Structures are given as structure tokens and as C-alpha cells.
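Take a look at the structure below.
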Amino acid sequence: MSEAHRSGDTPEPLARQLRVLYIGDYSLPGGNILQMLRQLDAIDGIHQASDPSGIRDEVARINPDIVVLDVGLTEAGRQRLRPASAMAELPGLPVIAVTARVNEHRGMSAVQHGAQDYLCLDEITPGTLIEALHYALDRHQFVRRMQRPEDAMRTILHGINDGVIVIDEHGVVISINPAGRSMLGLGPRERPTLAWHRQFCANAPGVETPLPVEARPLPRALAGEKFSDMEALYETEGQPPMLLSLSGRALTDAAGRRVGAVVSFRDVTDRRQRARHQERTSLYDPLTELAGRGLFGEQLGRAISRASRHKRELGILFIDLDRFRSVNDTLGHDTGDRLLQEVALRLVRELRVSDLVGRWNADQFVICIEDVDSPQDAATVGQKLVLALEEQYFVGGNEVYLTPSIGIALYPEAGNNAAELVKAAALATSQAKSHGGGRFQFHSAALNHKIAEREELEVGLRHALVRRELLLHYQPRIDVRNGRLIGFEALLRWQHPRFGLLAPERFLPILESSGLIHSVGEWIVANAAAQLKAWQTQFDLPDLTVAVNLSPAQLARGRIVESVAKALEDTNLDPGCLELEIMAAGMNHGRRMPAHIMAELNALGVRISLDRFGTQDISFRSLDSGVVDTFVIDRSLIADLQDNEDHQRLVRAAIAMARGLDIEVAAEGVETAEQLDFLRECNCDLVQGFLFSRPMHPEKASMFLRDETVAARRV
């Protein structure tokens with residue numbers, strides 16, 4: 001059924017009076033449609049023919065505007081009007097077939113044999129009837145217009161944007177549409193010569209000699225070949241060559257004889273130029289004109305194949321520019337771009353023509369040197385590049401200094417394919433950078449093992465929470481004045497199925513770089529709060545506290561505020577008993593933590609402490625904000641406290657400063673009685689370390705609490 005029949009809109013009235021011929025039986029349900037037709041003001045008259053054999057005579061006598069054809073069954077169950085034979089008696093007339101829903105296939109058959117539409121008697125309404133009349137009359141009128149081939153072809157050719165050429169069986173050009181003439185530079189009255197169809201698009205892109213005549217588009221189509229997306233050059237005097245995409249096929253008459261051909265085409269010159277530009281951009285870095293990441297990978301793959309065939313080594317050098325980001329921040333990105341171009345020029349100048357050089361990412365470059373006889377050859381190149389790249393640069397009137405960190409990996413020792421070698425060299429670069437930069441570092445088997453182990457840990461971490469492999473251990477915090485237990489620090493551990501119990505130093509960097517730190521951090525806060533509440537209730541210690549470490553990555557997002565608030569709500573824990581330890585490094589160089597997050601945490605009533613205090617420069621303005629409640633002196637200052645006078649002065653100064661700011665001080669890593677005596681002498685508030693207890697599983701911590709509670713009651 002037509003879309004109009006499914007529409008709920010009110011149909012427009014018919015524009016003129018119609019003579020309707022109904023072919024069917026009044027006594028059958030089809031009589032309902034006659035009643036509806038009589039109710040329409042635009043019906044001039046309704047005529048009925050019930051005898052199928054007299055349809056053509058009735059049509060000649062009445063000359064109807066539209067025919068309603070009942071293709072249903074008689075009461076006796078015989079099909080009185082077959083759609084195919086009935087439609088054959090109604091040539092050139094708009095027809096609407098009607099039938100019952102159970103016989104809807106007969107209505108569809110009538111449409112296939114020429115009816116404009118069909119209706120189901122079970123669902124017909126005056127609205128759907130008049131819509132069907134509209135649709136049938138409009139469709140019939142359109143088909144009649146299109147039955148004049150010349151008018152139809154002219155309409156189609158003038159209305160499309162592609163060029164179209166029509167030729168007869170002799171190659172004579174019958175028509176070129178306006179879009180085609182415009183593309184080809186032909187005037188509206190200009191007639192191509194008889195030989196033009198053989199000369200049209202005689203050359204293919206990238207081919208020096210002309211195409212054979214039979215391979216050119218118009219002769220191909222005229223020979224009966226059907227093709228699409230053929231590319232050829234159209235060349236004419238006074239115009240640059242134009243790249244065309246062409247499709248063609250033969251034209252046949254009713255008997256199937258070839259009477260000509262049609263070829264459509266479009267100008268793809270600009271599209272192909274853009275594609276070539278994009279292709280070059282994907283292969284070469286547009287800023288430095290060095291090989292891009294993809295192209296370098298392909299070149300490296302071929303170099304590895306050559307090295308494998310000739311049983312030779314090759315070296316990969318991965319270069320990262322130290323402190324390049326500060327150049328961008330201080331001098332601007334334009335200066336940074338020009339600096340990268342100068343670095344690229346120096347690399348090309350210092351290397352052999354046969355060496356491969358590419359820009360890997362941002363301020364990172366990668367080099368492949370073939371025919372390496374020994375590691376010393378690669379080391380010589382590495383040292384040469386360090387010296388060349390650390391010389392001063394003059395960029396945009398600025399004097400700039402850079403140093404490179406270079407990692408070197410050798411094939412086949414560090415890997416057997418391009419991805420493995422680049423990864424190994426990049427890891428060696430990280431090692432060079434961690435040692436201060438301005439140097440080169442070789443990849444080693446130990447580093448290779450470290451890569452594999454890190455990948456295994458990262459995969460395992462993604463399932464560790466679900467598999468309940470993460471757990472919390474608790475280390476007691478002791479009041480220095482009276483030696484009493486005041487709380488615990490919750491410390492994350494991972495019970496790895498292969499490596500055993502792992503401390504956070506082994507996997508915390510992976511948690512942060514992978515983004516898993518947020519979900520794991522929420523789990524830590526929730527579990528530590530629940531465990532603390534359980535201990536407070538079990539041992540009647542409402543003031544017992546727990547400290548939880550937060551990473552800078554967690555504080556960069558607001559989720560930590562929601563998770564802390566939820567943990568407090570779920571456990572009904574006093575907020576003052578929960579302490580959040582934040583890395584002191586996050587407040588160095590005058591920077592503050594995200595102000596709104598710190599304010600929201602402070603508003604919850606939890607305590608904030610600065611972890612690893614004394615190892616970073618910290619702004620006094622940041623400390624005097626009223627947000628920080630505790631300093632935690634770093635264990636590196638406590639470890640050699642008896643012998644290191646510099647550390648003694650730092651600890652005394654830190655505690656004195658805390659006293660002046662009314663901030664509590666805790667010290668980690670206390671292992672000897674001498675360290676404890678020194679901290680007591682300096683008026684340190686809290687201590688924790690192996691002198692009192694190692695971090696414990698919750699069950700063991702419960703036993704520790706029980707002993708402490710019993711001892712306190714005896715006193």
C-alpha cells in the first residue's frame with residue numbers, strides 16, 4: 001500500500017469531478033466501497049461492470065477517469081477476476097485494486113501487472129479512499145509523461161550533475177548533457193566530429209603511451225562492455241589535463257540489438273590530488289618532512305628482512321628531547337615547531353644517506369642504522385647525536401638549549417620485529433631520561449624482561465579487583481608521648497597468582513598510567529572505612545583512625561569526593577577519623593591541589609595530610625591555607641637519622657614549622673629506639689615503622705588491637 005494510506009493527515013479534496021468504473025459484484029463486501037464513493041462530492045458518476053468478459057466494452061462506453069477493480073473471491077469461492085487478465089483489459093487507465101486482507105496478495109499482483117495501488121476492504125475509510133484516488137491519478141499522469149522517450153531522456157540528462165555522453169552504433173554523438181559540456185569545455189551548439197568518440201580520454205594516468213582505441217571508454221561501451229570507475233585523462237588544447245572517473249554500457253532496443261552506448265563521467269582531479277596529499281601526509285611528517293610513523297615502520301621491516309638474510313645486526317635509536325615542553329610553554333608552539341625542524345636537519349646532517357630517520361611522536365625521533373658490526377658502532381652514533389643535538393639553537397631570535405635522551409636497541413638481541421625493537425629502544429630512552437637525560441642508554445635483557453613483566457602486570461590488574469586479589473594491610477600509628485596506638489595506615493597489596501604478594505611500588509605506576517587508579521582508589525577508601533568502623537565497634541574505640549593514600553591522578557578528578565562521601569555515609573563513620581594522605585610533590589613550586597576538590601574534601605570533615613614531607617620544595621602559602629592537618633616526614637630522612645646531620649636539621653626544621661602552623665607531625669620508617677628518642681626530643685606527634693610492627697593483614701591487626709586494648713585496661 002502507498003505511504004499515503006498509512007498517513008494520518010486529512011487528504012486534500014479532488015481537483016475535478018471523476019467518472020469511476022467499478023468492476024465487481026455489488027452483492028459482495030466490495031459494495032461498501034461504492035457507498036463511500038457516492039459520499040465523495042468529486043465523483044461525477046459511478047458505473048458498474050460485473051461481467052469480466054465485457055470490461056473493454058464498458059471502458060469504451062463510459063470513458064472512465066479511474067477504475068476500481070475488485071480482485072476478491074465470489075461467494076462460491078471461485079476467483080472471478082484474475083489480476084493479470086483483468087489488467088490486460090484496462091490499458092492506459094489508472095486502476096485501484098480492492099480485496100480482503102486475507103487475499104492481500106491479489107492486490108499486490110494487480111499492482112505488479114500495472115495497477116497504481118490497492119486497498120484492503122477490511123481497513124478502508126473515506127480518508128484512505130480519497131488518498132488512494134490522489135495517488136493513482138498522480139502516478140498515472142507521471143508514467144504517461146515518461147512514456148515519451150525523448151522527453152524522458154532530455155529531463156534526466158539535464159537534471160544530473162555527472163557528465164553523460166550518448167552515441168549511436170556508428171559512434172556519432174547523439175547527446176552530451178549540459179554538465180558534461182561544461183566539464184569538457186564544449187559550447188552548447190558545438191558538435192564533436194565523427195572520430196571524436198575514438199579520441200575521447202585516450203590516455204590513462206601514469207601511463208606514457210596512449211591507450212589502444214578499443215580500451216578507450218566510448219569504444220569499450222559501444223563494443224558491449226559494461227564498466228565502472230575507469231580513470232582516464234581528458235586533454236584538450238588550452239586546458240590542463242582533467243582526470244575523469246567513467247562508467248559505461250551499451251544501449252539496446254526492444255529486441256536486444258546494440259543501437260549505441262552511454263558513458264557517464266565526473267571530474268575527480270581535485271579529489272585525487274587531495275588523496276595524494278593525504279597519502280603523502282600519512283607517509284611523511286608535514287612539519288619536518290621526515291618519514292612518518294607508518295612509513296618508518298615499513299622501512300624498518302624491510303631493513304630487518306635484509307639484516308636477517310645477511311646475518312647482520314642493526315641498531316634502533318629512539319630520541320626524546322629533554323625539557324622540550326618547557327620550550328613550548330615559555331616561547332610558544334611556533335618556536336617549538338621551528339626547533340623541531342632544526343633538530344630534524346641536524347639528524348639528517350649527522351647520519352649516513354643509507355640510515356633511516358623518522359619522527360615518531362611530538363618531540364620523539366627514531367633512527368635505524370644498518371650494517372652494525374658491534375654495539376660500539378651504535379654507541380658511537382649515539383654519542384655523536386648527543387653532542388650534535390645539545391649545541392645551542394637560535395630560533396626566532398631566541399637562544400635555546402636542549403639535550404636528548406637516546407635509547408639504543410640492537411637486532412636481533414632486543415627483538416625480531418619492528419614493534420619489539422622500537423618498544424625496547426623507547427624503554428631504554430626512559431632509563432636514560434631517568435638518569436638526568438643528555439645521554440644514551442642501551443637496552444638490555446633485564447629491560448626486556450621488565451617490558452614483559454609490566455605487560456603481564458597491566459593485564460592482571462584489569463582483573464585483580466574482580467578476582468579479589470587486591471587487599472589492604474594495616475600498619476599501626478603510635479602516639480610518641482604515651483606509646484599508645486591511635487590508628488593505622490591502610491597500605492595496598494596485590495596477591496598476584498604468579499609473583500606472590502606485591503607492594504604498591506611494583507604496580508602503582510601501572511595503575512596510574514592505565515587509569516585503573518580511580519576504581520581501585522574508590523575500593524581502598526570504601527574498604528578502609530568499613531574495616532575501621534568494624535574495629536571501632538568491636539573494641540569500643542570511637543577515636544581510632546585510618547589513613548589512606550591518594551595519588552595526584554585521583555585528585556585531578558572529582559570522583560574521589562563522591563567516593564569518600566559515599567564511604568562515610570555507608571559506614572556512618574566520624575569523618576575526623578578518616579585521614580587522606582596526599583603526595584607533598586603535588587604542592588611544590590607554589591602550585592596548589594585542585595582548589596575546589598580540596599575545599600570539598602575539607603567540607604566533608606576528613607583530615608588531610610601531606611605524605612613524604614621534607615623531600616620536595618613546598619610553598620608556605622599552600623601550607624598556610626588551613627586545609628592541611630598533618631605532615632608525614634618521609635622515611636628517607638628517618639633511615640640514617642643517627643649519622644646524617646643534614647637530615648637531623650631538616651627533621652627539626654620541619655617539626656618546628658609544623659608547630660608554628662599548628663599542624664600535626666607523623667614520621668614513617670622508624671626502626672630503631674635511637675630514631676624514636678630523637679623524634680620524641682623534637683616533639684614529633686606520631687610514629688610508625690618496623691620498630692612497632694610491620695604492615696599486617698586485617699585479622700592480625702585485630703589481634704594487635706586486642707592486645708593493645710587489654711594492656712590499656714591494665715594501666
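Counting begins at 1 with the first residue of the sequence. The model shown is predicted, which means the values in this text are computed figures rather than measured ones.
- Taking all atoms of both residues into account, the shortest heavy-atom contact from Pro542 to Gln536 is O-NE2, 3.3 Å.
- Counting only distance, with no hydrogens or angles, the side chain of Gln648 and the backbone of Gln642 share a donor-acceptor pair below 3.5 Å.
- A tilted orientation is assigned to the rings of Trp535 and Phe488, their planes being inclined by 30° to 60°.
- Using a distance-only test at 3.5 Å, with no hydrogens or angles considered, a donor-acceptor pair links the side chain of Asp634 to the main chain of Ser636.
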Before you tell me yes or no, could you show the steps for Leu502 and Leu457 under side-chain contact (heavy atoms from CB on, under 4.5 Å), namely the whole-Å CA-CA distance, both residues' side-chain angles and the distance that decides it to 0.1 Å? CA-CA 11 Å; Leu502 300 181; Leu457 290 175; 3.9 Å; yes
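- Salt bridge Arg293/Asp285: absent, no basic N to carboxylate O contact under 4.0 Å.
- With no hydrogens or angles considered, no side-chain donor-acceptor pair links Gln431 and Gln441 at under 3.5 Å.
- Judged by distance alone, the side chain of Glu390 and the main-chain N or O of Gly438 form no donor-acceptor pair under 3.5 Å.
- Ser405 and Asp322 share a donor-acceptor pair across their side chains, judged by distance under 3.5 Å alone.
- Although no hydrogens or angles enter the test, the distance criterion places a donor-acceptor pair under 3.5 Å between the side chain of Asp685 and the main chain of Val665.
- A donor-acceptor pair under 3.5 Å is absent between the side-chain atoms of Arg493 and the main chain of Pro695, judged by distance alone.
- Remark: side-chain polar atoms of Glu581 are not paired, donor with acceptor, to backbone N or O of Asn549 under 3.5 angstrom.
- Atom-to-atom distance recorded for Gln538:CD and Leu544:CG is 11.0 Å, nearest 0.5 angstrom.
- With hydrogens and angles left out, the side-chain atoms of Thr545 and Glu579 include no donor and acceptor closer than 3.5 Å.
- Salt-bridge formation is not detected for the pair Asp363/Arg323: no Lys NZ or Arg NE/NH1/NH2 atom is positioned less than 4.0 Å from an Asp or Glu carboxylate oxygen.
- Residue Asn683 comes nearest to Ile655 through the heavy atom pair O-CG2, 4.0 Å, listed as atom of the first residue, atom of the second, then distance.
- Looking only at distances, a side-chain donor or acceptor of Thr429 sits under 3.5 Å from a matching main-chain atom of Phe318.
- A salt bridge is defined here as a Lys NZ or Arg NE, NH1 or NH2 lying under 4.0 Å from an Asp or Glu carboxylate O, and Lys566 with Glu562 fails to meet this definition.
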